[in-house]
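Basis for what follows: all heavy atoms, side chains included, without hydrogens, waters or symmetry-related copies. Counting convention: from 1, in listed order, for ligands and their atoms alike.
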Amino acid sequence: MRAWAGILVLVAPLCGALAFKVRPVLADDLVEAAMAAIRPESIQAEMRFLSDDLLEGRGTGTRGHEIAAKYMASQFEEIGLQPAGENGTYFQRVPLRKTRVDAAKTTVTLVRKGQEEKLVFAENFVALGDPGRTESNVEAPVVFVGYSVSAPELGYDDYKGIDAKGKIVAGLYGAPDFESALKAQYSSSAGKGATAAAHGAVGILAMDDPVLEKIYPFKKVARDQAFPVLRWLDKQGQPNDFWPELKCGAFLDLEESKKLFEGSGHTAEEVFTAIKAGKPMSFPLALTAKIHRESKLEDIQSPNVVAKLEGSDPALKNEYVVYSAHLDHLGIGEPENGDKIYNGALDNASGSAMLLELARAFRRMNPPPRRSILFVAVTGEEAGLLGSDYFAHYPTIAKEAMVANINMDEDLMLWPLEDIIGFGAEHSTLQVVLETAGKRMKLSISPDPIPQEVVFIRSDQYSFVKQGIPAVALSPGLKSSDPKIKPMEIFENWETTRYHHPSDDMNQPGLMFGEAAKYARFAFLCGYLVANETQRPAWNKDDFFGKRYGKR
Ligand SMILES: [Zn+2]
């Protein structure tokens with residue numbers, strides 16, 4: 001799953017779903033046989049290869065990732081899938097711009113009543129590279145804009161009554177307590193960047209707060225600066241999510257964030273409490289900020305791997321169920337205990353292995369499902385959902401032909417699987433699909449237990465959502481009928497000790513490949529149901545995402 005860094009710095013009830021009925025095909029021998037083709041040993045073997053030290057953490061644009069991509073393509077070919085990338089190959093080359101901030105030459109100075117305070121990089125602040133310029137400057141008064149969220153349709157606007165024109169806007173991580181997926185949507189840095197630019201702001205100061213400090217400590221943010229910033233380039237060579245009006249951005253540590261309120265008539269504690277209680281607060285701060293940023297730019301490219309299995313229905317085979325999983329991970333980074341390779345076994349060699357297992361299961365079916373199935377091993381997820389976003393913008397098949405996306409990122413196979421979480425499924429008829437598959441496999445479907453983690457915008461399904469395609473991020477649930485097994489504790493412990501650490505490798509204890517196979521079978525059933533149902537999945541009536549991005 002995507003790191004927080006890119007999200008931070010610089011920059012409904014279930015209705016309408018009942019119209020979608022699922023065919024009673026689940027007891028089929030064909031389905032049983034296909035599901036049996038998904039094997040724990042096979043998942044283990046694929047993960048072992050993909051997360052091997054020799055692949056050096058599969059960093060986007062690196063040789064290790066290229067080898068992983070070749071491996072995926074070879075496997076797809078061996079399984080008998082057709083190439084569905086560019087020019088009859090399994091690959092879609094994604095043009096990328098790699099940006100590193102020059103820490104020694106990047107400065108943030110805060111000026112209060114003529115007194116200058118020069119902040120120290122990685123101690124009080126960090127900044128990311130600028131994908132559009134090698135050098136930029138800004139000097140402007142600072143206004144505090146709460147969460148930096150403008151959502152008048154939800155009755156919430158941090159920019160209300162605030163003049164942000166020509167100012168630097170300072171805001172907190174996250175969004176008000178809208179329901180899970182909307183909270184995630186409004187927490188996105190891209191959305192906040194667009195909103196700031198639309199209000200005439202010239203820079204952004206992202207602030208730390210006690211809640212964020214707990215889930216993503218500043219120290220870790222500073223450490224993660226070692227990884228470069230990447231953006232995909234459009235056909236005109238412009239980086240995605242780039243607003244030239246926003247000249248500079250920086251992320252301040254907790255102490256400096258609190259100090260921003262000095263002389264404003266409000267204390268940091270008062271503001272944090274009010275905001276947490278859902279009460280918007282925006283006001284000018286008693287300071288000016290001077291930011292100077294220098295960046296090094298380099299254009300590179302990295303492949304998505306795309307393969308298809310043709311459907312059996314003469315008309316529906318022109319439509320696709322799209323399975324995705326990110327193949328990239330963080331590559332080589334800061335050493336920990338002498339280990340600098342970020343292997344990404346669970347994140348996300350696990351999902352990549354599942355893609356192959358799903359391909360094997362579907363390939364066994366004769367006849368194949370009615371719709372075609374597309375398998376996309378995307379690149380650049382960790383750097384900002386880049387491969388999937390590029391693919392969703394420039395798909396190698398017709399955009400309207402994609403009926404749904406099922407994304408698999410981080411199968412935490414660390415406890416017996418009893419339930420499934422389908423992040424975002426409640427926004428479309430995919431919820432019914434999950435429930436049907438769950439019933440068949442005796443797995444319950446649970447709501448998002450961790451809305452503060454904004455999972456719905458932190459993996460590749462979000463790229464498809466933004467193109468109007470109903471999507472779901474599958475995840476093992478956190479239920480346990482055995483009081484001695486506490487999935488939430490295991491999950492939290494994994495997040496702190498192994499998520500985005502070199503120790504997310506095949507030596508970690510507790511990997512349960514049998515549970516992983518069960519999970520993959522569930523994912524198979526979901527895609528199978530969508531592929532066979534005449535009606536394509538649809539956003540719920542009046543759904544937020546359907547209205548904002550959907551065309552149907
Ligand atoms: Zn990740």
Inset, instruction - Return yes when at least one N/O/S atom of H500 is nearer than 2.8 Å to the Zn ion (ligand 1), and no when none is. - result: yes

Legend entry - Derivation and outcome, ring-ring contact (aromatic ring centres under 6.0 Å, His included), residues Y342 and H329: CA-CA 7 Å; Y342 288 62; H329 190 56; 7.0 Å; no

Inset, instruction - Taking both backbone and side-chain atoms into account, decide whether D347 has an N/O/S atom under 2.8 Å from the Zn ion (ligand 1). - result: yes

Legend entry - Identified side-chain contact (heavy atoms from CB on, under 4.5 Å) counterpart of L327 within the set T60, L50, N348, V378: L50

Inset, instruction - Flag E381 as yes if one of its N/O/S atoms falls below 2.8 Å of the Zn ion (ligand 1), otherwise no. - result: no

Inset, instruction - Please report the closest heavy-atom contact between W539 and G546, naming both atoms and the distance. - result: CG-CA, 3.4 Å

Inset, instruction - Over 60° means perpendicular and under 30° means parallel, so classify the ring planes of F456 and Y462, tilted if in between. - result: perpendicular

